[in-house]
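A quick write-up on the structure given underneath.
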Amino acid sequence: MLEVLVAVCVLVLVVFIWPTSRFFREGQRSDPLLLLGPGPGGVSRHKLVSDGGSEGLPTGSHGGGDDDGGAQSPGAALLCKPSALANYLLTHCKTFSSYSPCVGWSWTWRSSALLQGVHAMCWPCNSPVQFVRDHLQLGDEGLVALDWAVALSGSSYQKRRRTSSHSTSPVLLIIPNSFGKITRNVLELCEAALSHGYLPVVFNRRSHNGTPLTTLKLQQFGDPGDLREAVRYVRYRQPAGRLYAVSESTGSGLLLSYLGECGSSSYVTAAACLSPVFRCQSWFENGLPWPAQWALVLYQKMCLSRYRTVLGETIRTDALFSSRSLRGLEEALFCHSAHKGSAAAAGGGNSGNTSLGVWEAYWERNEPLRDVDEVAIPVLSVCAQDDLVRGDPRSTLPLELFETNPHFFLLLTDRGGHCGFSTQSDGGPGGPGGSGGGAAAFGHPGASWRHKALLEFFRATTDFFAAEERVKQLAARRRGLGMGGPPGGGGRAFRHRSISTCKRVPACSHNIHAIYSWQRSYTR
């Protein structure tokens, strides 16, 4: 018994002290990545990255809270290609410039990148949110689950059970991490979204979060096929409301894959990625610090253990459950031919080359940025330099993407950890040991900074598009009245037009009844 207690104590010390001390040692290095230095209010407002892409490279030294000796105070910087939308965001997104992290050696969990990530991803949350689940049966008879978030209130269950299809409330589609765990961050985001009038819905992949596995097919890391059908169903349920999407951590791989493959037909108005992992193949190959990787591998094995017998028909379960790395699990689940080739070679031949070839081919199909040039909506990525899960920002952040693509915006903070982003104003019941959620009370405006930034980004982009549409309609009306055409011709043509030609409502590009058989879909 004593040996077990000593082992647990040593594990706790390694998990909490070693990564934290490594972070503080790395924090003393010069040559940080904080882009351009924070401008007024902590955001680089007046020096957006130019078309050449050379501006915004690391300069200065990693500093604390003053400006002596060229040190930079911690804050946030926005990296993007100059555009009208970028200028609009800098003007109207006040939350971007309000980030004030806890700095220094103060004895608080909010100043540690590791503890911020543990709090956001693993700490339990007593959230006043309840989920109503829809099981959606897909074309291959697989199942995914959509959890609609509703607030616990005095209303009857029937009123909370369903939302009206005529509701104009915007829908917020939330994609959790690729391991299927509903984290504290997701629950707090649902709280904040409900308090701002959104209809939050969480997308659960096959076998994740209690979703039954009805086929022998699991969803690959960057395969957006299931998400595409789920989005069409959400659009059918809420045709009058705008659709926004938010992804968390490794779940951003699925969202970016979907936006790239669908392009302008994604039905999404704007999207955001919170602490995304961009270069996913390298992330799987390089791995995490062993305590975090060990925990994630163990969690995924526990989730898959209930399907051990049925999965044995298509994969080698002995290789799956003996894997000690995230790459080993991914290869055992989806790179089947590699295992078969290894078994046939019996330790000889070209089994290693075969395995490498299958692994490379897998990521050619699943790398999130493979179709990034086709993304047609604004996407905000909120990242921290000290994110221990993503890794070194110099090698894991695709800075050239944000410098050249006008649809992508990077909100980069000096501190914040992985999905943490705690600020000096955060406190009270939301911290460890407290009894509340992220806000002091449900509906209270004291939501976390990261969620305020996402929701404000959605509001600003919507207002920008609405203003642009009004300008276009006004220009079209003036042309119709003959103000820009030949005298006497345009006015008569406008008067004889039907109303439907003056205001066109975009039609749905798919026949939803041909895609789904509603008798096969059921709800629990």
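In what follows, residues are counted from 1 in the order of the sequence shown. None of these values were measured; they are calculated from a predicted model. Only this structure's heavy atoms are used, side chains among them; waters, hydrogens and symmetry mates stay out.
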If every non-hydrogen atom of [X] is compared with every non-hydrogen atom of [Y], which pair is closest and at what distance?
X: A192; Y: L455; result: O-CD1, 3.8 Å
X: D223; Y: N366; result: N-OD1, 3.5 Å
X: L194; Y: A149; result: CD2-O, 3.7 Å
X: R228; Y: C262; result: NE-SG, 3.7 Å
X: A145; Y: T211; result: CB-OG1, 3.3 Å
X: L143; Y: P212; result: CB-O, 3.9 Å

Show your working on side-chain contact (heavy atoms from CB on, under 4.5 Å) between L410 and L399 and close with a plain yes or no.
-> CA-CA 9 Å; L410 174 63; L399 298 180; 4.1 Å; yes
For the residue pair [X] and [Y], establish whether any side-chain heavy-atom pair is separated by less than 4.5 Å.
X: L213; Y: L218; value: yes
X: L397; Y: Q385; value: no
X: Q137; Y: T214; value: no
X: P176; Y: R205; value: no
X: F131; Y: C190; value: yes
X: D147; Y: N204; value: yes
X: Y99; Y: L411; value: no
X: F203; Y: V201; value: no

side-chain contact (heavy atoms from CB on, under 4.5 Å) between Y258 and S247, intermediate numbers included = CA-CA 12 Å; Y258 170 76; S247 60; over 6 Å; no
Gap separating the [atom1] atom of [X] from the [atom2] atom of [Y], nearest 0.5 angstrom:
X: F457; Y: Y244; atom1: CZ; atom2: OH; answer: 10.0 Å
X: L89; Y: C93; atom1: CG; atom2: SG; answer: 4.5 Å
X: C280; Y: L256; atom1: SG; atom2: CG; answer: 8.0 Å
X: Y267; Y: R242; atom1: OH; atom2: CZ; answer: 16.0 Å
X: L227; Y: L254; atom1: CG; atom2: CG; answer: 5.0 Å
X: L216; Y: I315; atom1: CG; atom2: CD1; answer: 9.5 Å

Test item: [X] side-chain N/O and [Y] main-chain N/O as donor-acceptor pair under 3.5 Å:
X: K301; Y: L329; answer: no
X: W283; Y: V389; answer: yes
X: T413; Y: R415; answer: yes
X: S322; Y: D318; answer: yes
X: D386; Y: G417; answer: yes
X: S275; Y: C419; answer: yes
X: E229; Y: L138; answer: no

Going by the ring pair (Phe, Tyr, Trp, His ring centres under 6.0 Å) test, name the single residue among F284, F179, Y362 that passes it with F221.
->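 It is F284, the one option of F284, F179, Y362 that forms the ring pair (Phe, Tyr, Trp, His ring centres under 6.0 Å) with F221.
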Output yes when R327 and E330 qualify as a salt bridge under the 4.0 Å nitrogen-oxygen rule, no when they do not.
->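 No salt bridge links R327 with E330.
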Verify side-chain contact (heavy atoms from CB on, under 4.5 Å) between V277 and T396, making sure each step is shown before the conclusion.
-> CA-CA 8 Å; V277 177; T396 58; over 6 Å; no
Within residues 268-282 or reaching into it, pairs that qualify as salt bridge (Lys or Arg N to Asp or Glu O under 4.0 Å) - sequence neighbours excluded |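 For residues 268-282, and leaving out neighbouring residues, the salt bridge (Lys or Arg N to Asp or Glu O under 4.0 Å) pairs sorted by first residue read R279-E400.
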Of all residues at least two apart in sequence or in a different chain, which pass the side-chain hydrogen bond (donor to acceptor under 3.5 Å, both in side chains) check with [X]?
X: S257; result: R370
X: N405; result: H407
X: R206; result: D140, T215, D226
X: Q293; result: none

Could you give me the CA-CA distance, side-chain angles and deciding distance for E188 and R450, then say whether side-chain contact (heavy atoms from CB on, under 4.5 Å) is met?
-> CA-CA 10 Å; E188 291 181 353; R450 61 188 185 274; 3.0 Å; yes
Are more than 12 heavy atoms from other residues, nucleotides or ligands located less than 6.0 Å from atom CZ of R365?
->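 It does: R365 CZ has more than 12 such atoms within range.
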Go through the structure and list residues passing salt bridge (charged side-chain N to carboxylate O under 4.0 Å, His left out) with R390, not counting sequence neighbours.
->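 Checked R390 against salt bridge (charged side-chain N to carboxylate O under 4.0 Å, His left out); matches are D387.
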